[in-house]
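What you are looking at is a predicted structure, and each value in this text was computed from that prediction instead of being measured. Worth knowing before you read on, the calculation uses all heavy atoms, side chains too, and leaves out hydrogens, waters and symmetry mates. Sequence positions, counted from 1, serve as the residue numbers for this chain.
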Amino acid sequence: QVQLVESGGGLVQPGGSLRLSCAASGSIFSINVMGWYRQAPGKQRELVAAITSGGGGSTNYADSVKGRFTISRDNAKNTVYLQMNSLKPEDTAVYYCNAEGVRVYSFNYNPYLGDFWGRGTQVTVSS
């Protein structure tokens, strides 16, 4: 089965930076969209950033992180990254990696398995 493993979370001071990584494992044929979501205490889970597989990747960001966060992916490695700069206390949350539209290798076709989530990684911004 497909699994996503996040890394790079931790404790940083306001204004600091972190780089999150998420590697998808399994016999993956393709992933349509990879992205990052976050959920803060008392808040709904929200999309932080997403990137498509085609070309250089079409990106989408939450308004709250535009200009501060940058998403990128390496399709050959099925890995997505989130560079987080100028971090603020309100960025504190559990960050989840998402892979949408996953297909895997098979004998004569590439079955669609759907969407997968990582377990999440804690990002805490505090002085």
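Smallest separation of non-hydrogen atoms from L18 and G8: CD2-O, 3.6 Å. Across all non-hydrogen atoms, the minimal contact from A50 to L47 is CB-CD1, 4.1 Å. For the residue pair Q39 and A93, the shortest heavy atom distance occurs at O-CB, 3.4 Å. Shown here for A49 and L82, the closest heavy-atom pair between the two residues is CB-CD1, 4.2 Å. Considering every non-hydrogen atom in both G120 and V94, the closest pair reads CA-CG1, 3.9 Å. Annotation for N85 and S17: closest pair OD1-OG, 2.9 Å, computed over non-hydrogen atoms.
From F116, atom CZ reaches atom SG of C22 across 12.5 Å, with rounding to the nearest 0.5 Å. Rounding to the nearest 0.5 angstrom, the gap separating the OH atom in Y112 from the CG atom in N32 is 8.5 Å. Taking CE of M34 as the start and CD1 of I51 as the end, the distance is 10.0 Å to the nearest 0.5 Å. Remark: I71 CD1 to M84 CE distance equals 11.5 Å, nearest 0.5 Å.
Side chains of D91 and R68 form a contact here, defined as non-hydrogen atoms less than 4.5 Å apart. Counting heavy atoms from C-beta on, the side chains of Q122 and T92 come closer than 4.5 Å. Counting heavy atoms from C-beta outward, L11 and S126 have side chains that approach closer than 4.5 Å. Between I31 and R73 there is a side-chain heavy-atom pair separated by less than 4.5 Å. Side chains of E46 and V65 form no contact here, defined as non-hydrogen atoms less than 4.5 Å apart.
Listed for the E6 side chain is a donor-acceptor partner under 3.5 Å among the backbone atoms of C97. No donor-acceptor pair closer than 3.5 Å links the side chain of N110 to the backbone N or O of R103. A donor-acceptor pair under 3.5 Å links the side-chain atoms of T52 to the main chain of S58, judged by distance alone. Between the D115 side chain and the G101 main chain, a donor and an acceptor come within less than 3.5 Å of each other.
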**OP:** Check the pair S21 / K77 against side chain to side chain contact (heavy atoms under 4.5 Å, CB included), numbers first and verdict last.
**Re:** CA-CA 11 Å; S21 299; K77 297 180 179 180; over 6 Å; no
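Take E90 and apply the side-chain contact (heavy atoms from CB on, under 4.5 Å) test, not counting sequence neighbours, and it matches K88. Not a single ring-ring contact (aromatic ring centres under 6.0 Å, His included) links Y81 to another residue, sequence neighbours left out.
Within the structure, the ring-ring contact (aromatic ring centres under 6.0 Å, His included) test picks out the following pairs touching residues 20-46 (sequence neighbours left out): F29-Y105, Y37-W117.
Shown here is R119, whose CZ atom has no more than 12 heavy atoms of other residues, nucleotides or ligands within 6.0 Å.
Tracing side-chain contacts under 4.5 Å through hydrophobic residues (I, L, V, M, F, W, Y), one never reaches Y96 starting from L87; they form parts of separate clusters. Note: the hydrophobic cluster containing V33 does not contain V2 (ILVMFWY, side chain heavy atoms under 4.5 Å, direct or indirect links).
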